[in-house]
Amino acid sequence: MNTLHSLISALFLFSCFLPLLLSFSPPQTHLPMQCLDDQRSPLLQLQHHLYYASNFTFSSKFELWHPNTDCCSWEGITCDAYGHVVGIDLSYKNLSGSFDPIFNLHRLRRLNLAGNNFNTTLFSYGFDKLQNLTHLNLSRSCFHGQIPMKISPLTRLVSLDLSYQDDCYWRNGYDYDSATLKLEKPNFKTFIKNLKFLTELYLDGVDISTQSTKWCETTSLVLPNLHALSLSSCGLKGPFCSSLSRLPFLSKLILDGNPISYLPPNFLEISSRLVSLSLRNCNLNGHFPTGILLLPKIQSIDISFNDQLMGHLPEFSPNNALQSLSLYSTNFSGKLPESIGNLRFLTNLMLLDCKFFGPIPSSIANLSHLVNLYLGGNMLSGSIHSSLFTLPSLKTLYLGDNQLVGKIDEFPNASSSLIQRLYIGNNYLTGPIPKSILQLPRLELLQIGGNSFSSMKLDMFFQLKNLWCLKMFNTSLLIESGNRSLTFPQLESLTLRSCNLTEFPEFIKRQEKLGFLDLSHNHIHGFVPNWLWKSSLSWVDLSFNMIDFPKQLPLRDANFSFPMLEGLQLASCNISSFPEVIKTQDKLVVLYLSNNHIHGFVPNWLWKSSLSWVDLSFNMIDFPKQLPLRDANFSFPMLEGLQLASCNISSFPEVIKTQDKLVVLDLSNNHIHGFVPNWLWKSSLSWVDLSFNMIDFPKQLPLNDVNFSFPMLRELFLGSCNMSAFPEFFKSQESLEGLDLSSNKISGAIPNWVWKKSLSFLNLSNNYLSSFDQLLPNQSSTSSNCSIARPICNLSQLSDFDASYNNLSGSIPNCLCKMSQLDSFDVSYNNLSGPIPNCLGNMSALGRLGLQRNNFNGTLPNFLKATELWFLKVSENRFEGKLPRSLAECTQLVVLDVGKNMMNDTFPFWLGKLPALKVLILRENKFYGQIKHLKHKFVFPTLDVLDIASNQFSGEISIDFLQATQLRSLKIGGNILEGKLPRSLVNCTALEVLDLGNNMVHDIFPFWLEKLPSLKVLILRANRFYGTITKFDTEHGFPKLHILDIASNSFSGDLSIEFLQSLKAMAKMTNDEKAKLGYIGEDYYQDSVTIVNKGIEMFYQKVLTILTCLDLSNNSFHGRIPEEIQNLRSLKALNLSKNSFSGEIPAALQNLKDLESLDRSRNNLSGKIPPQLTSLTFLAALNFSYNKLEGSIPQSNQFITFTNDSYRGNPKLCGLPLSRKCNEVGLPMPSPPGEDEDSWLYALSTWKIALIGYASGLVVGVCIGYTVLNELGNQWVDKFKKCRKKNRRRCR
């Protein structure tokens, strides 16, 4: 006890005197000791072994450190208190060489060699000697090959970064996608098993595909301390496992570029602690959990480039922490919520290329921290509020490619704005460009084209001093030549495409920094001036101008070269020879000379060793047998793309023999015939198009090897090649992703080996295929549809399948529903039968379904989950029942065609809420009831075409459920509609086709329809219209009406001159209009029409824009036919039959030079047939029967081709083809007995020969030949015999 007491007393005394003792101690320093010699030596060796190497080429020695100074003070070196080197940072210095001396620094804790150019493997380095290492960064330094096991024992590692080695190669101008790091031996699991203290792991671009399905579980089990995990583009194919929720500290997760496909059910739980999430381009589908956008910690979300991923924006609370949100190129849709203004920390909002619609929320003006706002490529509507331009932090505003309308108002404080990039192109904006925009002081990039702005002057942009990129297109631009004193900003990029320019803008003379120039699609003509060529130019596009090049090169120097010029586009420029200016362009990479008038051999000097892409398509060229530079082994080492489509080439160009880097080859639409030579197939080829040639494949495969495979071949196009069988070399092409064998003569069953697992695109349309399956010897035709696995079921990657226009029979394989990637499926025009598999309606990726003209039956499936469906065409089958109400959930639906079935339902007003529906076809079904819109219900906001013809709709006509100004085609004929025409039709200002024939409409002629500026087709036939047709505004008239059918009504009175004068489009059609053989309608729908000619209903499947017809038949018109009818000079068909016209046939009809069909039968016409009518050399159908004509029939030109039926019922007519002969004074002689009264029916069966055979190119003949005549033939005869016996006015 005494001892303890003494010890305590001693300690107390020591503590009291300790401060005094320390005060007499020598002073201590907190600075580290100077570098030790054993540390300096390895560093000097390192400096000796390293060198600067830009582009992997030695440039200079690495002399960053002076040997006579303290190494702890050297740049990039960190020492501890004892003079040991503990940190080296030599990042981003373009270093190369060996860094082996580093591994003698055993106290090293941090090593950063990122961003250098080592271009080597890591095997030779002794990483295992650095046992104290906690941070290792070797990213972006061109390391490749296997990651060595020597890194794995570094158990103290906290941060490891081996990412993005490919960035280094790109930085140095190389495309080494395959030169990357990989984890095979050791694999991923073995490599990380000892690195349990890792908090940061960055392996982006490292190939760990050998464990692609196990990465998730392995990471969760081995690395419990992870805070940041980044594994972009690592070849991860497995599912996103739920066990990631075991990582309690995970705050940063980056998995870009891995086909993960779907998210686990507990993904919201996994994400609950995340601050940053990036899943770009992961092939995600389904619905993204909305709750993730509301997590309290999340600050950054990037799920861009997942085009099958659906979702919507939630209502955001005021405490949301989001700073960056990117949904670029996803399938997110819906309206932007007004609560988006609560994201007060938001700096970046990227909603580009989604499917958002509705107005831009005004609350965005509250986002004071917003720097970048991207809303382009959606369906946003309404106006642009000027408050967007006043956001205080905004630098980028992208609103292009939407449906924004109206005028942009001026906005205040433009001079203090930070906006640098402004995109508002491709909208419907009007009015002048606001002056405020032209006062933005920091504006660098401006894109305003593709709107309806007022005409602009180029000098408007002179005050934008910082502007370096100007993009204008589809704009009327005025360039005044008198403003040379104004200094235009020095641009680096200038686009003036489709700006109505007629000459090269002279202000370009003073543009010394111009690198990109696009003047395409203007009206510039003449020689390209020398001053246009700037030494700074790297890309020039002058396509679609009528220009040429002088023989004398720029600057009068034959050796003059534009040293930066890499791209030259001169497509459709009317050039007649290869421009010699190309001779000296030794840096040229891309050359487009397509669609010119160049002919002859391709000169040797055209081929530059720098060329990567050449397009000479649509020229009359060929290749000499002697290759360039007279060297058969000469290869263009950079050439990857060669397009020679439609060049009149007759054989495979031998220049291809030596092009061993060729990736894309297009030889389509030439005159090549015979077998495809073996030397054509390069191991590098990825995309080949040989379509529209008369070629075939030898039985002996290339290189005499049955198993020979072209490993890079991804897409092959062999459409219209006259092939009769599937080329057998397909058997070994296991990497093929796209195959087009359309429009050949291949018959029978599809061989089983065609169904490759790798295929995503397969086009077998327009052949003679009979079955999806090639039955094995032990299979029967019934078993193939049952439990036995069908080869087509292998196509798990299939996204686009087209087997339309074949002879396929049987049913749709049920396994189709397992193809989760299927976007387009078209088997229309076959003999398939049975019901549609119900599971088709559950395919979330399905966008296009074409089943028309088969024998399918039953009811349509439920489409509740087919949210991507935009095209559904099931017409001409035997479907019955009601339209599935689930179609109202298909918000992307654009085209819905259920015509020509047996469906029994009322009008689907419930489809009116679909925001994108443009085409609705219900024709020839059993739809019934009144079409009466109930108030406060949805309307069809985007409907362009409504075809409900030939149903059982009744009541009065109503269009109040339609957006009148949007409607282009309205077909309601063949129903039981009555009453008057609704005057609201006058609001349909875009209406081109109005067909309400075969109803019971009771009204006078709708002369008020003159106000429709676009009306081209008007069908009123077979209704109860009445009265005279006299009230017309002859000054305006019908400006575009070229088909008018008012037959089979009760119109009466004289044929007024005012009426004929109102038909403006029939009176004059320009040569340009005649030259364009187009059809009425758009790509997604082309109008059809039924016209009665010579008593026959003719159905025109497509309506040529030059088809001009007037049918006034079967009314009560009387009086003489006005001579003014000769002014309708564009008429192709004129039918005045079954009226009470009297008097003589006007000789002035000879002026209707385009007339092909003329029917004036069953009137009271008298006098002779004017001989001048024989000048109508296009006339192919003529009917003057049952009138009071007399005299001899003219005997020349087309008149000698017509039969008795053209003149029957005119007892005073004589001469051929009638049996009554004329006497010397042209009077008829007595007819022989027994003339067959029904002989016209025989002529009817052969009429198509006369109609189509004479005067080649006839419009009426073309249309009928295309649609009805080839299909129905003599069946018309039976039909009209029955009609005649029943003595009906019309036959439907």
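For the single chain, residues carry numbers from 1 onward in sequence order.
- No side-chain N or O of Gln403 forms a donor-acceptor pair with one of Ser381 less than 3.5 Å apart.
- Across all non-hydrogen atoms, the minimal contact from Ile621 to Ile598 is CG2-O, 3.8 Å.
- When every heavy atom of Arg442 is checked against every heavy atom of Ser417, the shortest pair comes out as NH1-O, 2.9 Å.
- Defined by atom type and a distance below 3.5 Å, a donor-acceptor pair is missing between the side-chain atoms of Asn596 and Asn619.
- Salt bridge Arg1129/Asp1154: absent, no basic N to carboxylate O contact under 4.0 Å.
- Minimum interatomic distance between Leu477 and Met472 (heavy atoms only, all atoms of both residues): CD1-CE, 3.9 Å.
- Expressed to the nearest 0.5 Å, how far CD of Gln490 lies from CG of Leu514 amounts to 9.0 Å.
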Given salt bridge (Lys or Arg N to Asp or Glu O under 4.0 Å), test Lys513 with Glu492 step by step and report yes or no.
CA-CA 5 Å; Lys513 295 182 179 180; Glu492 297 177 26; 5.8 Å; no
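- Heavy-atom neighbours of Lys918 NZ from other residues, nucleotides or ligands within 6.0 Å: at or below the threshold of 12.
- If you take CG on Leu394 and CG on Asn372, they are separated by 7.5 Å, rounding to the nearest 0.5 Å.
- Between Tyr398 and Tyr374, the ring planes lie tilted relative to each other; the angle falls in the 30° to 60° range.
- Note: Ser386 OG to Ile437 CD1 = 10.5 Å, rounded to the nearest 0.5 Å.
- Ring planes of Phe516 and Trp539: parallel class, angle under 30° (limits at 30 and 60°).
- Using modelled atom types and a 3.5 Å distance limit, the side chains of Thr495 and Asp518 yield no donor-acceptor pair.
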